[in-house]
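Start at 1 and go down the list; that is how both ligands and their atoms are numbered.
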Amino acid sequence: MTTPTTTRFPTTAPVADDEGQRHFDRVIAEDSRIEPTDWMPDGYRRTLTRQISQHAHSEIIGMQPEANWITRAPSLKRKAILMAKVQDEAGHGLYLYSAAETLGTNRDELVDQLLTGRAKYSSIFNYPARTWADIGAIGWLVDGAAICNQVPLCRCSYGPYARAMIRVCKEESFHQRQGWEILYSLSHGTAAQKQMAQEAINRFYGPALQMFGPPDEDSPNSQQSMSWNIKRFSNDELRQRFVDMIVPQAEALGLHFEDPDLKWNEERGHYDFGELDWTEFKAAIRGSGPCNVQRLQRRRQAFDDGAWVREAAAAYAEKTASRSTPERGLHVA
Ligand code: FAQ
């Protein structure tokens with residue numbers, strides 16, 4: 001069974017390419033918004049469909065490492081908070097699939113790209129959450145990196161994506177604080193708890209910094225995306241901003257990053273940090289990270305398990321549509 005395949009946002013009356021291009025260029029130059037019914041270059045549409053759908057897949061796959069801890073969270077309150085966070089991630093995936101659909105590719109196709117391994121999702125979600133402290137590290141570092149990357153996307157030139165990002169960022173800020181609070185409790189607990197928090201940070205520091213993408217000189221999409229006002233900052237600029245933010249936060253937690261090259265550079269006014277393991281990064285996005293196989297298997301299983309819900313929703317939609325036909329309406333008292 002499949003869900004309807006028509007796009008919900010058909011374009012308005014066709015516009016000649018040159019007229020459309022002039023309008024598009026003006027909107028970008030004015031730093032204004034492109035909307036779904038506006039003419040846009042094919043490359044702009046493709047780039048956004050790729051980025052937004054990868055982002056949606058990341059949110060959905062990103063539920064797995066955390067969902068795995070719901071039953072093992074150390075208190076009822078912690079379980080409730082974690083459950084709410086995982087549900088938020090599902091919601092983010094849904095806003096993002098909806099935003100991607102406005103560009104003309106329906107959700108069935110986007111989901112199929114994920115399930116058949118044709119689409120990427122964030123490298124970070126191919127790492128396991130081994131301890132409860134990892135849930136803290138995911139909240140603080142992974143959501144922290146996500147916010148740093150996504151706040152500028154609230155000013156993305158594509159209206160539906162920019163608007164979706166506003167709510168997502170607000171929720172991510174809450175997620176980051178819950179991660180911080182988990183780590184704060186552990187780092188101010190017993191020596192063993194503090195050690196667990198430190199080890200979680202050791203595991204997540206490098207992969208969290210890799211979330212911003214490859215170095216600028218190896219980033220094929222950045223330049224064009226920046227000229228279209230999709231991305232506002234380069235991968236390295238955002239990574240630097242993130243490092244500058246988390247170093248004092250780690251100090252406040254009483255924890256540290258195991259990076260021998262991490263030190264304040266007075267001249268640059270930023271922290272220097274060590275080279276990241278880009279071989280590991282490439283493996284994680286090509287399918288051979290620690291959990292790639294498990295993540296996709298789980299997602300496929302969840303998709304199959306949800307078949308009855310999609311069937312029921314389609315049957316209900318069909319029934320509702322047939323009841324609202326005018327002929328039938330005449331007979332309703
Ligand atoms: N992982 O040319 P660039 C979250 C790919 S959401 C995997 O630099 P671009 C919430 C890239 O797609 C986290 N692939 O690409 C949460 C491209 O592939 P392609 C997700 C990566 O697009 C928290 C190729 O490498 N956030 O965490 C990665 O200009 C906790 C070349 O790279 C977003 O998606 C990576 N890390 O810049 C949920 C934000 N980096 O298709 C649950 C929106 C790069 O050309 C729990 N996305 N690639 O073969 C973006 O800002 C951008 O897409 C970047 C990459 C910055 C990720």
Side-chain angles (χ1 to χ4, degrees), residues 43 46-69 82 84-93 95-96 99-100 113-114 118-127 129 134-156 158 161-162 164-165 168-169 171-176 178-179 204 206-228 230-239 241-242 276 278 280-287 289 292 295:
R46 264 197 314 276
T47 293
L48 276 163
T49 304
R50 175 185 65 78
Q51 178 167 327
I52 302 174
S53 60
Q54 286 179 0
H55 193 168
H57 303 327
S58 304
E59 300 280 358
I60 298 298
I61 296 281
M63 294 163 73
Q64 291 186 34
E66 295 182 295
N68 191 31
W69 274 93
L82 188 57
K85 179 180 191 289
V86 173
Q87 280 179 338
D88 284 352
E89 310 300 0
H92 298 173
Y95 315 148
L96 287 163
Q113 287 173 4
L114 172 67
R118 287 177 291 143
K120 292 190 173 78
Y121 58 86
S122 184
S123 49
I124 192 72
F125 302 118
N126 291 312
Y127 293 87
D134 285 13
I135 297 301
I138 290 174
W140 175 44
L141 291 176
V142 175
D143 284 284
I147 295 167
C148 210
N149 169 262
Q150 287 165 205
V151 165
L153 292 174
C154 298
R155 293 190 294 118
C156 162
Y158 189 57
Y161 192 28
M165 278 302 105
V168 169
C169 286
E171 293 179 351
E172 300 289 24
S173 302
F174 162 75
H175 297 170
Q176 192 196 18
Q178 67 85 42
F204 277 89
L209 263 56
Q210 291 170 350
M211 284 174 71
F212 294 92
D216 292 351
E217 63 272 19
D218 295 329
S219 165
N221 301 299
S222 280
Q223 212 181 356
Q224 179 63 77
S225 287
M226 287 171 72
S227 72
W228 278 330
I230 295 172
K231 286 168 82 161
R232 296 294 180 150
F233 299 97
S234 75
N235 299 354
D236 286 332
E237 283 170 332
L238 290 175
R239 190 168 10 251
R241 187 180 284 193
F242 181 60
L276 298 168
W278 294 113
E280 177 192 310
F281 170 76
K282 283 180 191 149
I285 63 177
R286 281 202 194 120
N292 294 65
R295 296 291 186 242

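Formation of a donor-acceptor pair under 3.5 Å by the S225 side chain with backbone atoms of N221 is found in this model. R295 places a side-chain N or O within donor-acceptor distance of the main-chain N or O of F125, the cut-off being under 3.5 Å. For D88 (side chain) and E172 (main-chain N/O), no donor-acceptor pair under 3.5 Å exists by modelled atom type. A side-chain donor-acceptor contact under 3.5 Å links D236 to the backbone of D216. At distances below 3.5 Å, at least one donor-acceptor pair connects side-chain atoms of Q178 with backbone N or O atoms of H175.
Residue-to-ligand polar distances place S219 within reach of ligand 1: an N/O pair is separated by less than 3.5 Å. Residue N235 has at least one N or O atom closer than 3.5 Å to an N or O atom of ligand 1. Checked by distance only, ligand 1 and K231 come closer than 3.5 Å through their nitrogen or oxygen atoms. For P220, a nitrogen or oxygen atom sits less than 3.5 Å from a nitrogen or oxygen atom of ligand 1, counting backbone and side chain alike. Where the criterion is an N or O separation shorter than 3.5 Å, residue side chain and backbone included, M211 meets it with respect to ligand 1. Considering backbone and side-chain atoms together, E89 places no N or O closer than 3.5 Å to any N or O of ligand 1. Considering backbone and side-chain N/O atoms, N221 comes within less than 3.5 Å of an N/O atom of ligand 1.
Close contacts of ligand 1 with E66, meaning ligand atoms under 4.0 Å from a residue heavy atom, involve 46 (C). Contact atoms of ligand 1 toward F125: 4 (C), 16 (C), 23 (C), 27 (O), 30 (C), 38 (C), 42 (C), 46 (C) (distance under 4.0 Å to a heavy atom of the residue). Interface atoms of ligand 1 facing Q210, defined by a heavy-atom separation under 4.0 Å, are 36 (N).
Put simply, the side chain of K231 does not reach to within 4.5 Å of the side chain of P152, judged on heavy atoms.
Of all protein heavy atoms, the one closest to atom 5 (C) of ligand 1 is K120 CD, 3.9 Å.
Of the candidates F281, F233, F242, F242 is the only one forming a ring-ring contact (aromatic ring centres under 6.0 Å, His included) with F212.
Contact analysis puts K85 in contact with ligand 1, with a non-hydrogen atom separation below 4.0 angstrom.
Summarising the contacts of atom 48 (N) of ligand 1 with Y121, F233, F281, the nearest heavy atom is found in F281.
Between E89 and K85, at least one side-chain nitrogen of the basic residue sits less than 4.0 Å from a carboxylate oxygen of the acidic one, meeting the salt-bridge criterion.
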